[in-house]
Amino acid sequence: MKKLLFIIIFLLILLGANAQETEKKWSLSGYVSEMPSLMMISPDSNLLWENILHNRLDFEWNPFESWKLNIGMRNRLITGNMLQYNGYAESIGFDRGLADLSWNLIDEKNILLNSSFDRFFITFEKNKWNVKLGRQRINWGQTLVWNPNDIFNTYSYFDFDYPERPGCDAVRVTYYRSATSSTEVAASVNAESDVTAAFLHRWNYRNTDYQVIGGILNEHDVLLGGAWTSDFKGLNFRGEFTYFHPVENFSDTSGTIAVSVGTDYMFSNSLMLQAEVLYNNVNSVFKQFGVLGIYAVPLSAKYLSVSDWTLFAQASYPITPRFTGSLSGMYFVDIQTFYLGANVTFSLADNWDFSAILQYFTGNNNQIRTQTAMGFLRLKYSF
């Protein structure tokens with residue numbers, strides 16, 4: 001609690017000190033959303049409900065020409081019987097970074113208030129150099145659903161209410177060789193004090209962007225990978241792969257590979273079609289979870305699915321300038337499980353959006369056919 005108060009006071013001091021300057025050097029943005037949801041699980045027919053009042057604040061301060069400070073904060077008030085599940089509140093309050101910047105300020109039977117910082121970093125940028133230190137997002141992914149190259153802060157496709165995606169406690173140094181070529185080195189430490197360190201090199205050749213990465217993941221696996229993105233008359237092709245091999249018993253153990261390949265195309269009427277396929281040899285690791293393993297999978301670039309082969313397709317279309325709809329599907333081949341999703345978003349006014357989201361899973365769990373349906377309504381104001 002003392003840490004939280006210190007950070008809030010520090011932020012307020014920065015805002016107050018710079019508000020009097022002739023030239024504004026800071027900005028504050030964010031959003032507030034209200035999202036009730038229901039979940040039905042069969043064959044038990046359990047009905048779970050949850051309501052999330054979500055506030056985000058993003059603060060940026062430029063005190064000098066080459067220096068910048070960024071702070072991002074999430075505040076979530078969660079109510080509902082979903083909180084009665086063992087470990088749910090603890091998972092909300094758990095911080096994966098070296099610094100514990102997440103607090104469950106209220107933790108009762110059916111109510112939880114969590115505040116957390118997922119961005120807290122300084123940036124120094126001059127000439128061709130960019131250095132970032134602190135909690136930040138290191139996005140090395142190229143494909144749109146699964147990212148084997150996103151080794152520092154992997155995210156879940158199903159977590160649609162978190163567009164900013166998680167960050168990590170890291171130092172990152174980038175050298176821009178040209179407009180289309182750069183080299184990066186980065187290192188981060190997680191809550192278990194495990195180090196992830198890697199390099200990345202990007203370049204462009206004949207209208208195709210390439211990258212290669214190499215390093216170590218959580219001190220347990222050496223890794224080597226790469227990615228590409230190309231365009232042919234508006235048809236985008238993307239691909240990523242990373243091979244992970246355990247450090248211990250290096251010559252006696254086998255590795256894990258994750259490969260995702262996808263394509264997307266936007267027609268003249270703004271209809272967007274997208275498809276992607278993932279190969280990730282982890283089926284034996286999560287087979288016992290069945291469909292529930294989709295949420296049990298650790299957030300790691302090494303484990304991106306519960307099935308060796310996973311297929312994805314999506315179509316989205318702006319029905320009117322204010323009304324957009326999308327349909328998506330995912331099939332987990334080895335466990336014969338599929339996911340269907342639907343999303344409609346309506347722009348009510350400037351900075352106001354209303355969304356309705358449906359998620360449906362079906363599959364086998366310990367030889368029992370299961371079905372899980374979730375529905376969400378969200379009203380969001382951005383500022």
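These values consider heavy atoms only, across backbone and side chains, with no hydrogens, waters or symmetry-generated copies. Nothing here was measured: the structure is a model prediction, and the numbers come from that model.
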Qualifying salt bridge (Lys or Arg N to Asp or Glu O under 4.0 Å) pairs with a residue from residues 341-356, counting only residues at least two apart or across chains: none
Residue pairs, two or more places apart or on separate chains, that pass salt bridge (Lys or Arg N to Asp or Glu O under 4.0 Å) and touch residues 253-264: R238-D264
Qualifying residue for salt bridge (Lys or Arg N to Asp or Glu O under 4.0 Å) with E184, from R202, R177, K132: R202
Option from F312, W146, Y162 for which ring-ring contact (aromatic ring centres under 6.0 Å, His included) with Y157 holds: F312
Passing candidate, ring-ring contact (aromatic ring centres under 6.0 Å, His included) with F361, options Y331, F338, F158, F332: F158
Among H54, R56, M35, the one residue meeting side-chain contact (heavy atoms from CB on, under 4.5 Å) with R76: H54
Check: K126 main-chain N/O paired with N130 side-chain donor or acceptor under 3.5 Å: no
D308 side chain vs Y279 backbone, donor-acceptor pair below 3.5 Å: no
R135 to F120, cation-pi by 6.0 Å centre distance and 45° axis angle: no
Aromatic Y176 / basic K128 pairing, under 6.0 angstrom, 45° off normal: no
Side-chain H-bond candidate by donor/acceptor type, E125 with S66, under 3.5 Å: no
Taking every non-hydrogen atom, the tightest pair across [X] and [Y]:
X    : Y    : result
L83  : L112 : CD1-N, 3.8 Å
I138 : D150 : O-OD1, 3.3 Å
T174 : S182 : CG2-CB, 4.3 Å

What residues join [X] in its hydrophobic cluster, counting side-chain heavy atom gaps under 4.5 Å, either direct or through other members?
X    : result
V222 : I216, V247, F250
V189 : L98, V195
L144 : none

Step-by-step side chain to side chain contact (heavy atoms under 4.5 Å, CB included) determination, L379 to W352: CA-CA 7 Å; L379 179 64; W352 285 92; 4.0 Å; yes
Positive for side chain to side chain donor-acceptor pair (under 3.5 Å) with Q211, one of H201, Q142, E240: Q142
Pairs where residues 213-224 contributes a residue and the test side chain to side chain donor-acceptor pair (under 3.5 Å) is met, not counting sequence neighbours: N190-N218, T196-N218, D221-K302
Atom pair OG/CG of S316 and L271 - distance to nearest 0.5 Å: 7.0 Å
